[in-house]
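What follows is a short report on a single structure.
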Amino acid sequence: MQQAGVNVVALGIFSWDRIQPAEDEWNFDWLDRIIAMLGRADISVDLTSATASAPLWLYEKYPQMLPRDKFGHAINAGARQSWSASSPICREYALELCRRLAERYGGNPTVTAWHVGNEYGWNNRHDYSDEALRAFRAWCEHKYGSVEKLNEAWCSSFWSQEVRSFQEVLMPRHMGADAMVNPAQQLDFERFSNDALLDCYRAERDAIAAICPDKPITTSFMISTDQCAIDYAQWGAEVDFVSNDHYFHEGESPLDELLCSDSLVSSIAHRQPWYLMEHSTSSVQWKPVNARKCHGELLRDALAHVAMGADAINFFQWRQSRGGAEALHSAMLPHADADTRLFRQVCETGEALKGLSEVAGTTVVPSRVGILFDVQSQWSTEIPTLPTTKLDHWHEVRDWYRSFLAAGLRADVVAHEWEQYDLLVLPTLFMLSDSAVRRLERYVHGGGAIVVGYATGIVNDAFQVGLGGYPGAGDGLLRTMLGVSGEEFNILGPDETAQSVELSDGSISRLWQTCLTRIADDAEMLATYTEAGALEWELSGMPAIVAHQYGSGRTWYIGCDVRREYATRLICDQLAPQIGIELGDPRVVTIDHASDVHVFHCVFNRSGTDVELSPSDDPVLLARGSRGQGAVTLPRQRSLDYAKLALNLG
Amino acid sequence: MQQAGVNVVALGIFSWDRIQPAEDEWNFDWLDRIIAMLGRADISVDLTSATASAPLWLYEKYPQMLPRDKFGHAINAGARQSWSASSPICREYALELCRRLAERYGGNPTVTAWHVGNEYGWNNRHDYSDEALRAFRAWCEHKYGSVEKLNEAWCSSFWSQEVRSFQEVLMPRHMGADAMVNPAQQLDFERFSNDALLDCYRAERDAIAAICPDKPITTSFMISTDQCAIDYAQWGAEVDFVSNDHYFHEGESPLDELLCSDSLVSSIAHRQPWYLMEHSTSSVQWKPVNARKCHGELLRDALAHVAMGADAINFFQWRQSRGGAEALHSAMLPHADADTRLFRQVCETGEALKGLSEVAGTTVVPSRVGILFDVQSQWSTEIPTLPTTKLDHWHEVRDWYRSFLAAGLRADVVAHEWEQYDLLVLPTLFMLSDSAVRRLERYVHGGGAIVVGYATGIVNDAFQVGLGGYPGAGDGLLRTMLGVSGEEFNILGPDETAQSVELSDGSISRLWQTCLTRIADDAEMLATYTEAGALEWELSGMPAIVAHQYGSGRTWYIGCDVRREYATRLICDQLAPQIGIELGDPRVVTIDHASDVHVFHCVFNRSGTDVELSPSDDPVLLARGSRGQGAVTLPRQRSLDYAKLALNLG
Amino acid sequence: MQQAGVNVVALGIFSWDRIQPAEDEWNFDWLDRIIAMLGRADISVDLTSATASAPLWLYEKYPQMLPRDKFGHAINAGARQSWSASSPICREYALELCRRLAERYGGNPTVTAWHVGNEYGWNNRHDYSDEALRAFRAWCEHKYGSVEKLNEAWCSSFWSQEVRSFQEVLMPRHMGADAMVNPAQQLDFERFSNDALLDCYRAERDAIAAICPDKPITTSFMISTDQCAIDYAQWGAEVDFVSNDHYFHEGESPLDELLCSDSLVSSIAHRQPWYLMEHSTSSVQWKPVNARKCHGELLRDALAHVAMGADAINFFQWRQSRGGAEALHSAMLPHADADTRLFRQVCETGEALKGLSEVAGTTVVPSRVGILFDVQSQWSTEIPTLPTTKLDHWHEVRDWYRSFLAAGLRADVVAHEWEQYDLLVLPTLFMLSDSAVRRLERYVHGGGAIVVGYATGIVNDAFQVGLGGYPGAGDGLLRTMLGVSGEEFNILGPDETAQSVELSDGSISRLWQTCLTRIADDAEMLATYTEAGALEWELSGMPAIVAHQYGSGRTWYIGCDVRREYATRLICDQLAPQIGIELGDPRVVTIDHASDVHVFHCVFNRSGTDVELSPSDDPVLLARGSRGQGAVTLPRQRSLDYAKLALNLG
């Protein structure tokens, strides 16, 4: 471990059964020994509450603590998190465990932080058990106070769904193959499920903090390419520092996706340093096919996380397991042991990270452009009774993020506190509450610029459609800001019909076109629908992209899905000039770090070819790049040497 | 509503919970008020029995009334029809509700008809609960009288399935992933399930009629493009007038499909006027992607339903809901309110319908060609242990319907009473009872002409294969009529083999070829199998299409699936000449209406281009068409103006 | 039957309900009559224990004997084998039935053999019921003796899965959508499930043998193209003669696949004659689409089974049923009766088989090449947490078998006793125990040649990964033999990345490349990775195919998946010369039979064209081939005449 530069270890995540092998038996000896050994090696411990997987004897004794899926099937023990977040008995045992750990290790100097639970919701995100039903009814009662308010919010007079007491409130259990769930009920169930898990975390955290008040406490989030299902913006306020588990995405743009995920993590951490609790040295084993990392992606990814604000870089796992469900998951020390390409890269990474000590204490310099992510809209776009089931808010965020990179700009993904940005993008924010619209209005009126994507602002926070024309959010206020009003959504996709609609500026839409029938007199029509697809769908000449001056600010309404290339063009032609930001070099991405006295430029090559740079200042750290006469060459992404971390005195 | 020309409203379909908010509480005030208001506006009410969705308190009190799917999962409350048709307790509460409504509104002049339940079977078509098992056993005992008869009908000696008492009879619950159900058992379960729903309807209807005997009673059927799973030919006899809910199908031929569905509805209504209880002004929200109507399809569809025999045109729904599972479903009054293209089209439609008052009292002039649809064959083609799982009787009906349209002819889809037709098509009527074959024999012998499609007449009504050669229906009588006998079915489809077989007349078969090894001496071989595919499958020279004189009539046997283009050619070359019917203009479809004194011609453009017609008589009504010197132009389908309803004095 | 040459009938397989129509009622009369009738016609009876499907009254009385799937759904009665192998009550009733049958028919001379059960595991291969859980816990206790040993074997400290008593051991029931099962637990569950079925068979067999000790007993296996899920190598030791049910596979190579399956059956029968208990005269009815046999495939398949060692050829079924789940399954006597092409072919087959009486008593001459099949590796490649889910050991065996055929050679598929072969192929034997590696080492050291395919030897029999480099089986011994060591697996397949990697000899890999980082000094590198794919995946120049001398023997390591064409080239260029075997004619396959005095050559045309042969000896039997001057012509496969069975005096 020392050879690899390891200086922190997360310990005990799935060890409940080792610590408490039977109801009245506690075994800390093995843990004492490991902690002592790590302490002697100057490796600090991020000690877990060990509550992620309960021991088998507990499940056997209390089968009612197993979660149930929507069909009523038990989620049986044998994997991870096979416990219901709403189970009082499970809670009781978990808190006892937390207290015992805190009592024993709270004062141990090797233990520098607490890692409560692990990836909450990985296997118990939704629970339809009777325990959960009781908790959901209580949650609804707490939220609404009276059944009248719940019935109103849920529009439950539809389909005979009015409740007369909270004891009649139902979860969206299986209702038949073609049955449609009430979206407001579904959304509240998502919120309840999130809150139930958060309650677990809070209870465990508080049990530890009551005994050991002086050490920071965290838990690991799961924000990565295809995953952001928990309201982490809310959870972020409950941890002493944010931790995230990130697993890379095969395909054309692993670096872009890493940056985008990290940007959201950084927002949730309020732009403070955060902790990369897990990533992999190479392949995982839980996908149908599992690509490995090559061409130094191991080092590249670790440095990129640092560049994006991580101040600790952890890998899952130290030694590749011989058995169990993750035996074929990569590790720092592979099955083939230390004399391997992989372990040498791990050591190289450890070295490189040590060389970055100067960066410690700096923070990432924020962008002037924000892209809004709101998990409520993510949940909303997963509702099955929308005009199309192909919406995905989080993927739209990522596409916009990549469109900015392709313009040589790095945007920030933001989950809250966006007023400081000069330009704000709202990509398929299907749900916008009235207050969110009023907040946006103040922002634009005061000079802010917003880009509103298609399918944004359709429903309020009770999933009720805004009336009077689309987008109806904020009782029409959003329409007024944008200078547009639409009547219907034109949805492409069924077989045997035109599969795309062309825009007058050459762009293409394949999914969704808002049928705008009015635009304000002072609005500017940047593109209309045209050609055969528009004729087929009766959209010819209808406005597609509209810009509008509102107060001291400006708005753009993108009435349809557009491809990334088009968004990049809009950024270059309209958005960047509007806020007076200079376009960068799209071949690289640059992340700046600053402290009171320093600015560091971190530059990564995201192109397919070598890039030669003439840095204005002399780079002090160069990872795998090469340095000629004055110039620095960053080889192509996925070639043997590709990354450069350039640090300058500010 | 008056602006839109609304004169009838279906009311209260899902309002049980409003009317009876608790077991001992009844609340009619709100309903009184709405009915009074509508009455004052001269809008009549089609009042429902409100039984489609039970209130949550009732499900909570009697969870045994929830249906179960074949795995045993409860179909939970929260959507619609979450009740078992076999539940005595649910029946009791439903009838009490019916009686209360009948007592209160039976004499109300605004209430002009009763709408019992709604779309029976939408979510409870199959129920595998213990309640249903009891009812199924009783149903079998009633049908068969003795276990010996059931065992014989079900061939249950196979696989040790003989029952010794009706208490041993099983439903086809889940039997394992690869398990195969006894088709006779499956068919009886389909029939039982249909009958159980019909019993519900009858009981509710009778409860109302006992108190309010003078008003017509109906319930809404669900006949549309991909759906015809209930034995509506049987249900048709139980309603005072037929009602149907029709939702359009995206794709290349929404008009063709609408006409075909309506034709079946018309047959079930015994060619009497029927009621379009629901259709949509534009998109729905329950498909994965939901296309909207454009180019005046709203008006076109409404007029087409009238042309096909509907004398009432209802839309679901009046005002687009803000919330609930159908918030994104289109309505007469959209979210964007009255000043919209959609609402203007609704009003235009109202106007157009008013202009059709002359048509009232006429009936559609029947075709001379019938296409048989039998739900028993539909259920049969859904059995998974057939030579291929790609059979679909209802889709074959539709393909033949479209083939006739492409020949400029309009056929009638018929569910009973077909003796009056000159030509009858039997498209994949997999199941033919002995008596049906004898009836066909009398028809052909007396001069009728029949076209028998592939996979027709393979099993009898107990799903027992007819012996002695295919098709074996009627103990060989069908073979004698057709002059053919086959030994095997050649099925295409597995990978890596020839995917089609060519016929000597240039047609192509891709799915099924009956291996005919004998044809009668006096039969005429119209096409044989040939070329590489035939060689590969040992079919070279084998007869594919055979015509035969039988008695005074004539038969055609189509031994394989053929494409619509080929069927149209057969219609033009053989079938139309046989019955002396003149081919029409394939660019339009014409539906004639007649009363004692009038004939009206309704003409719709089904082509992709404008059509100029020189009508023999002067049209008195023209919707969206344009009229030049003598000629009338019908613009292309899906263009801004495309439909013409031409009415002539007969 | 006599016309068709039938001389043996398997009787009563699903007749439990007929024999025991109620708990206290036994009815043997019908069976007495049929056996007597068959006896008079000189047809012998293979009498079943009739236990494959229990009667409905038994399921009704003891619902706990229904198996459960992993979700807990009951596998309901109505199909076959709806009983739990772990149900004591079911066992009790089944044994009573066996005893009654043995007592009544044990001495009947017409009954010449016993057929116990039928296709064990067809519908109850896995059972997750509580009965099964009890049995699984006992099985684990018996296997491991102590929980410590189980925990060690299962690596169960991972994810808190340690058990403290065998009462805590779990089956891999449903654990959530994304949950990953412990592979060691899964493997043991596969083994337990196999053993539970074998226990059923043994108990029934012993009950019969106790009463009727002198007649041979068998049960039918299910080895065919896509199916080999039971440990039949183990079962083979428990039957007096091996029986198999084989159903042909549509596609390009039904003959190749038949030969491969039969070769495994033959190995399980220790190269003694075996019994083809079921195959079909033509199509089945249980696939989504069911192709028929044509071009004499009926005769060709029957003769091919004989050639591969079958000494009895049975068809399912005699008369095509009118009803039930298999009504559309082909039979000897079809729905269209005796005057049919199919029945004539059945009779022709009967004649041909009679003509083969000389072959009786001979055995198939083994090949000098063996291809190893091990069901433990088959189960292992079905584990979902491997580097890729696309592995399939049995399909790799088949591909190698076909590669040899394409070199004009016939290999033997072997399940045990492979030391006698000169060359042994190990295709994706993912699991190799330490003792298996030591056995291989002795074999190679002593002069044997082995070909080790990719993904071979990764885990031991507890599914623990071998350490120190891949393949790690045998604690490094396998690596030493092969002269290679790898660090990672490069897996292709995710979208948007290179989908193949080229080898320096022109071959292509699409799935898996072992990243070999070391090869022994004396190893010979036959091919490396090259071109764009290798560059993309950082594999350029890495060894792909390596040959190595070890002791007196030689090894080939194939580090990646290769296409059949490449394997054939390797066979021709390297493997055949190594063992000094002459390549044959790839257009035909030849199977030799020998007795003490005779050798018979059975030759089948497997090509797409006619083949003219000049046999060295005079053929004495010719089925459908034609014979000119000295030469014999075998027409192309799937033409009207294609098969030749040539017999020579040795």
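Below, chain A is the first sequence line, B the second, and so on; all start at residue 1. Computed from a predicted model, the values in this text were never measured in an experiment.
- For the set Lys70(C), Arg518(C), Lys390(C), Gln186(C), the count of heavy-atom pairs under 4.5 angstrom toward chain A peaks at Arg518(C).
- A distance of 8.5 Å separates CG of Leu328(A) from CG of Asn290(A), quoted to the nearest 0.5 Å.
- Ring geometry for His174(C) versus Phe71(C): interplanar angle of 30 to 60°, hence tilted.
- Neither the backbone nor the side chain of Gln185(C) comes within contact range of chain A; no heavy atoms are under 4.5 Å apart.
- Only the side chain of Arg164(C) comes within less than 4.5 Å of a heavy atom of chain A; its backbone N, CA, C and O stay farther away.
- Of the two parts of Leu511(C), neither the backbone nor the side chain holds a non-hydrogen atom closer than 4.5 Å to a non-hydrogen atom of chain A.
- In this structure, the portions of Ala291(A) lying under 4.5 Å from any heavy atom of chain C include both its backbone and its side chain.
- Chain C forms more heavy-atom pairs under 4.5 Å with one residue of Ala74(A), Pro334(A), Ser330(A), Ser82(A) than with any other, namely Ala74(A).
- Heavy atoms closer than 4.5 Å to chain C are found nowhere in Gln81(A), neither backbone nor side chain.
- Of the charged side-chain nitrogens involved, at least one lies within less than 4.0 Å of a carboxylate oxygen, so that Arg191(C) and Asp188(C) count as a salt-bridged pair.
- The environment of Glu168(C) atom CD is dense: over 12 non-hydrogen atoms of other residues, nucleotides or ligands sit within 6.0 angstrom.
- The side-chain heavy atoms of Arg300(A) and Pro254(A), taken from C-beta on, include a pair separated by under 4.5 Å.
- For Arg319(A), the CZ atom sits in a loose shell: 12 or fewer heavy atoms of surrounding residues, nucleotides or ligands are nearer than 6.0 Å.
- When heavy atoms are compared at a cutoff of 4.5 Å, Ala77(A) approaches chain C by way of both its backbone and its side chain.
- Residue Asp339(A) touches chain C through both its backbone and its side chain, counting heavy-atom pairs closer than 4.5 Å.
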Q.
Set out, in order, the CA-CA distance, both residues' side-chain angles and the distance that settles side chain to side chain donor-acceptor pair (under 3.5 Å) for His335(A) and Gln320(A), then state yes or no.
A. CA-CA 6 Å; His335(A) 288 138; Gln320(A) 197 169 12; 3.3 Å; yes
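- The side chain to side chain contact (heavy atoms under 4.5 Å, CB included) test applied to Leu11(A) returns Val9(A), Leu31(A), Ile34(A), Ile35(A), Leu38(A), Val45(A), Leu47(A), not counting sequence neighbours.
- Contact of Pro387(C) with chain A is made through backbone and side chain together, with heavy-atom distances under 4.5 Å.
- Within 6.0 Å of CG in Asp69(A) there are more than 12 heavy atoms belonging to other residues, nucleotides or ligands.
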**Q.** Test side chain to side chain donor-acceptor pair (under 3.5 Å) applied to Glu190(C) and His126(C), step by step
**A.** CA-CA 8 Å; Glu190(C) 294 286 347; His126(C) 298 106; 3.0 Å; yes
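- Counting heavy-atom pairs closer than 4.5 Å to chain A, the top-ranked of the candidates Ala153(C), Gly176(C), Gly468(C) is Gly468(C).
- Inter-residue side-chain proximity for Met542(C) and Trp537(C) is flagged as unmet; no heavy-atom pair is nearer than 4.5 Å.
- Only the side chain of Glu488(C) comes within less than 4.5 Å of a heavy atom in chain A; its backbone stays farther off.
- Identified by a heavy-atom distance below 4.5 Å to chain C, the contributing residues of residues 54-66 of chain A are Ala54(A), Pro55(A), Leu56(A), Trp57(A), Glu60(A), in residue-number order.
- Taking the six-membered ring where the residue is Trp, Trp139(C) and Phe136(C) present parallel rings, their angle staying beneath 30° rather than reaching 60°.
- Note on Asn182(C), Leu467(C), Val163(C): by heavy-atom pairs under 4.5 Å with chain A, the leading option is Leu467(C).
- Of the atoms belonging to Ser485(C), not a single heavy atom falls under 4.5 Å from chain A.
- Both the backbone and the side chain of Phe489(C) come within contact range of chain A, with heavy atoms under 4.5 Å apart.
- Taking the centre and axis of the six-membered ring of Phe189(C), the NZ or CZ atom of Lys143(C) falls outside the cone set by 45° and 6.0 Å.
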